[in-house]
Amino acid sequence: GARTSKILLNSGSKGLETRLRKLSPNSNIAQLLPPVDTGIFLSADRDVFRNKHKLGSCKLVTYVGGLKPFEGLSDLIKALCPLLEKNSEIVLVIAGGVVESDLSVLQNIVSTLSCKSQIIFPGQLNLPSVVNFLSASNILVLPKRDHPVNHHAMPIKLGEYFASGNPVVSAAIGGITDYLVHGMNGLLYSPGDINGLKREIEELLSNDRKAKNIGLAGQQTALQEFDINVVAQKLAIQLLRGKYNV
């Protein structure tokens, strides 16, 4: 299908675009970032999620998305455990997933830990709940592993994380590094480096000013790059101004 297409819309990484060009050299390729309705994040109620789960003023380190092994959630749990054991006010929240077996694997890992009471699984959330959940968080994490899927992907959650205005810590892989600049609008670490992941999270937990500045910079990235209206406009420009002879 790709080889016979006149135009391909790439919603993955720039690395995937290179592969698409080799696969289909006669097709034109337009970049399509996963769009985010940033407006709903700007009007989020951060207290809804905290009140529902009785989290009060706890510092929330959170993840929302799929629970497959290549998402690196077991790495996140291992990285956070020493911090949770030292500080009872830190809570790890892992939301999402549609496959019960994936959730069971993580729950079994957590069940053996001394800090298990500080790790919660609220399950799948609808969009309004996700918005409030992300806005209620202190740090948002994308702990992806070195896996082919992650090399070619542009996670939808990156734009949503940015839009929340809270700081992002992510593995440096795939399309993430096309838009997240270490020390500017987020913090990066090498995929699979559990100590590196722990270090970056600990840095943000101990430096409120840095966390706030990085979060605000990420929010600007969401508004400038991932906002649904910006994405639509950029795509329209690519398709309608003759670049691809539509």
Side-chain angles (χ1 to χ4, degrees), residues 9-17 29-50 59-66 93 95-96 125-144 150 153-189 200-201 203-204 207-241 243:
L9 301 182
N10 176 34
S11 60
S13 67
K14 291 178 181 178
L16 178 60
E17 180 176 340
I29 300 176
Q31 183 66 36
L32 178 65
L33 283 178
V36 176
D37 184 352
T38 58
I40 62 175
F41 283 89
L42 297 176
S43 60
D45 186 342
R46 70 186 307 272
D47 293 327
V48 171
F49 185 86
R50 285 180 174 270
K59 291 196 172 184
L60 305 186
V61 179
T62 65
Y63 168 88
V64 59
V93 187
L125 305 175
N126 58 25
L127 181 57
S129 296
V130 167
V131 171
N132 291 332
F133 168 50
L134 296 182
S135 298
S137 303
N138 295 89
I139 300 172
L140 307 171
V141 188
L142 284 169
K144 294 180 177 292
N150 294 329
M154 167 57 73
I156 295 173
K157 287 296 172 283
L158 179 62
E160 294 180 341
Y161 278 14
F162 278 152
S164 75
N166 292 316
V168 180
V169 175
S170 175
I173 194 167
I176 293 169
T177 58
D178 296 336
Y179 293 91
L180 195 159
V181 180
H182 181 72
M184 297 294 291
N185 60 354
L187 296 179
L188 294 169
Y189 71 97
E200 302 302 348
I201 292 174
E203 169 68 16
L204 292 177
N207 192 331
D208 290 341
R209 184 174 181 179
K210 181 175 183 177
K212 181 177 180 180
N213 289 339
I214 285 178
L216 291 175
Q219 192 169 58
Q220 284 303 305
T221 302
L223 294 171
Q224 295 168 7
E225 301 287 350
F226 291 87
D227 178 78
I228 188 169
N229 295 308
V230 173
V231 171
Q233 184 179 44
K234 288 183 177 180
L235 181 60
I237 290 172
Q238 290 181 86
L239 297 181
L240 300 179
R241 288 190 175 177
K243 181 177 179 180

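For the pair Arg46 and Ala136, the tightest heavy-atom approach, listed with the atom from each and the gap, is O-CB, 3.2 Å. Nearest approach of Pro34 to Ile156, heavy atoms of both residues: CB-CG1, 3.7 Å. Shown here for Met154 and Gly175, the closest heavy-atom pair between the two residues is CE-O, 2.9 Å.
Between the CG atom in Leu60 and the CZ atom in Arg50 there is a gap of 4.0 Å [rounded to 0.5 Å]. In this structure, CG in Leu142 is found 7.0 Å from OH in Tyr63, a value given to the nearest 0.5 Å. The CD atom of Gln31 sits 6.0 Å away from atom CD of Glu17, with the distance rounded to the nearest 0.5 Å. Here the CG atom belonging to Asn138 is positioned 10.0 Å from the CG atom belonging to Leu204, to the nearest 0.5 angstrom. Atom CG of residue Leu180 and atom CD1 of residue Ile214 lie 9.0 Å apart, to the nearest 0.5 angstrom.
Between Lys212 and Asp208, the closest side-chain pair of non-hydrogen atoms is not below 4.5 Å. In this structure, the side chains of Gln219 and Phe41 stay at 4.5 Å or more apart for every pair of heavy atoms. For the pair Leu33/Lys234, no side-chain contact is recorded, criterion being any heavy-atom separation below 4.5 Å from C-beta on. Residues Leu187 and His182 are in side-chain contact: their nearest non-hydrogen atoms beyond the backbone lie under 4.5 Å apart.
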Expected list for residues 159-171: side-chain donor-acceptor pairs under 3.5 angstrom, two or more places apart:
| residue | atom | partner | partner atom | Å |
| --- | --- | --- | --- | --- |
| Glu160 | OE1 | Lys157 | NZ | 3.2 |
| Tyr161 | OH | Val64 | N | 3.1 |
| Tyr161 | OH | Val141 | O | 3.1 |
| Ser164 | OG | Tyr161 | O | 2.7 |
| Ser164 | OG | Asn166 | N | 3.2 |
| Asn166 | ND2 | Leu134 | O | 2.8 |
| Asn166 | ND2 | Ser135 | O | 3.3 |
| Asn166 | ND2 | Ser137 | O | 3.0 |

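Not one N or O on the side chain of Asn185 forms a donor-acceptor pair closer than 3.5 Å with the backbone of Gln220. Checking side-chain atoms of Asn150 against main-chain N and O of Ile173 turns up no donor-acceptor pair under 3.5 Å. Asn10 places a side-chain N or O within donor-acceptor distance of the main-chain N or O of Ser13, the cut-off being under 3.5 Å. Under the 3.5 Å distance criterion, the side-chain polar atoms of Asn132 are left unmatched by any main-chain donor or acceptor of Ala44.
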Criterion side chain to side chain contact (heavy atoms under 4.5 Å, CB included) on Leu32 and Val231, from CA distance to verdict:
CA-CA 7 Å; Leu32 178 65; Val231 171; 3.6 Å; yes

Can you check side chain to side chain contact (heavy atoms under 4.5 Å, CB included) on Leu235 and Leu9, steps first, answer last?
CA-CA 9 Å; Leu235 181 60; Leu9 301 182; 3.8 Å; yes

Could you give me the CA-CA distance, side-chain angles and deciding distance for Phe226 and Thr38, then say whether side chain to side chain contact (heavy atoms under 4.5 Å, CB included) is met?
CA-CA 8 Å; Phe226 291 87; Thr38 58; 5.6 Å; no

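Ring geometry for Phe133 against Phe49 counts as tilted: the plane angle lies between 30° and 60°, on a 0 to 90° scale.
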